[in-house]
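Following: one structure in structure tokens, then a few remarks.
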Amino acid sequence: MIFVIAWTFKPENRDAIQARFKETGGLPPEGVKMLGRWHGIGTNKGVVVAESNDAVAVAKWAQGWSDLMSFDVYPALTDEDTVKAFS
């Protein structure tokens with residue numbers, strides 16, 4: 001399943017987030033494949049698209065950053081799967 005993970009953060013957390021990201025690379029845990037990540041340059045927002053059959057692993061990834069950032073995590077369907085859902 002595909003997950004869209006959008007994040008925001010408070011400006012006062014910027015330096016701590018940057019330091020942790022430089023240290024860890026923000027890589028996903030086992031069981032989650034990151035398909036792409038985009039940072040809103042000059043903003044406090046970004047988005048990652050990931051694939052996993054394990055929603056708990058996706059939640060753990062977000063939880064590991066939740067002390068500094070807020071997340072909206074939701075499953076997403078391809079156009080093909082959306083058409084199937086219409087049937």
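Quick note: numbers below take in every heavy atom, side chains included, and nothing from hydrogens, waters or symmetry partners. Heads up: numbering here begins at 1 and tracks the sequence.
Considering CG of Asn44 and CZ of Phe9, their distance stands at 5.5 Å, rounded to 0.5 Å. Taken from CE in Met69 to OG1 in Thr8, the straight-line distance is 7.5 Å, to the nearest 0.5 Å.
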Item checked: Trace of the side-chain contact (heavy atoms from CB on, under 4.5 Å) decision for Val48 with Met34 -> CA-CA 7 Å; Val48 64; Met34 182 170 50; 3.6 Å; yes
Assess the residue pair Leu35 and Ile2 against the criterion (side-chain contact (heavy atoms from CB on, under 4.5 Å)); give the C-alpha distance rounded to whole Å, side-chain angles, the decisive distance to 0.1 Å, and a yes or no.
CA-CA 9 Å; Leu35 302 177; Ile2 303 295; 3.6 Å; yes
Below 3.5 Å, can you tabulate the donor-acceptor pairs from side chains in residues 54-68 to any protein atom, sequence neighbours excluded?
{"from": "Asp54", "atom 1": "OD1", "to": "Val56", "atom 2": "N", "distance (Å)": "3.1"}
{"from": "Asp54", "atom 1": "OD1", "to": "Ala57", "atom 2": "N", "distance (Å)": "3.2"}
{"from": "Trp61", "atom 1": "NE1", "to": "Gly26", "atom 2": "O", "distance (Å)": "3.3"}
{"from": "Trp61", "atom 1": "NE1", "to": "Leu27", "atom 2": "O", "distance (Å)": "3.3"}
{"from": "Ser66", "atom 1": "OG", "to": "Gln63", "atom 2": "O", "distance (Å)": "2.9"}
{"from": "Asp67", "atom 1": "OD1", "to": "Arg20", "atom 2": "NH1", "distance (Å)": "3.0"}
{"from": "Asp67", "atom 1": "OD2", "to": "Arg20", "atom 2": "NH2", "distance (Å)": "2.8"}

Enumerate, atom names and distances included, each donor-acceptor pair closer than 3.5 Å involving a side-chain atom of residues 80-87, sequence neighbours excluded.
{"from": "Thr82", "atom 1": "OG1", "to": "Thr78", "atom 2": "O", "distance (Å)": "2.9"}

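With sequence neighbours excluded, the residues forming a side chain to side chain contact (heavy atoms under 4.5 Å, CB included) with Gln18 are Arg14, Asp15, listed by chain and number.
Both Val49 and Tyr74 belong to a single network of hydrophobic side chains, linked directly or stepwise wherever heavy atoms of I, L, V, M, F, W or Y lie under 4.5 Å apart.
Each ring pair (Phe, Tyr, Trp, His ring centres under 6.0 Å) pair with one or both residues in residues 10-56, not counting sequence neighbours, appears once here: Trp7-His39, Phe21-His39. Contacts classified as salt bridge (charged side-chain N to carboxylate O under 4.0 Å, His left out) and involving residues 21-30 (residues at least two apart or in different chains) are not found.
Within the 4.5 Å cutoff, the side chain of Asp72 has no heavy atoms near those of the Ile5 side chain.
Summarising the geometry of Pro28 relative to Val32, their closest heavy-atom pair is CG-O, 3.5 Å, with the distance given to 0.1 Å. Residue Gly31 comes nearest to Ser52 through the heavy atom pair O-OG, 2.6 Å, listed as atom of the first residue, atom of the second, then distance.
Ile41 shares a hydrophobic cluster with no other residue; no ILVMFWY side chain has heavy atoms under 4.5 Å from its own.
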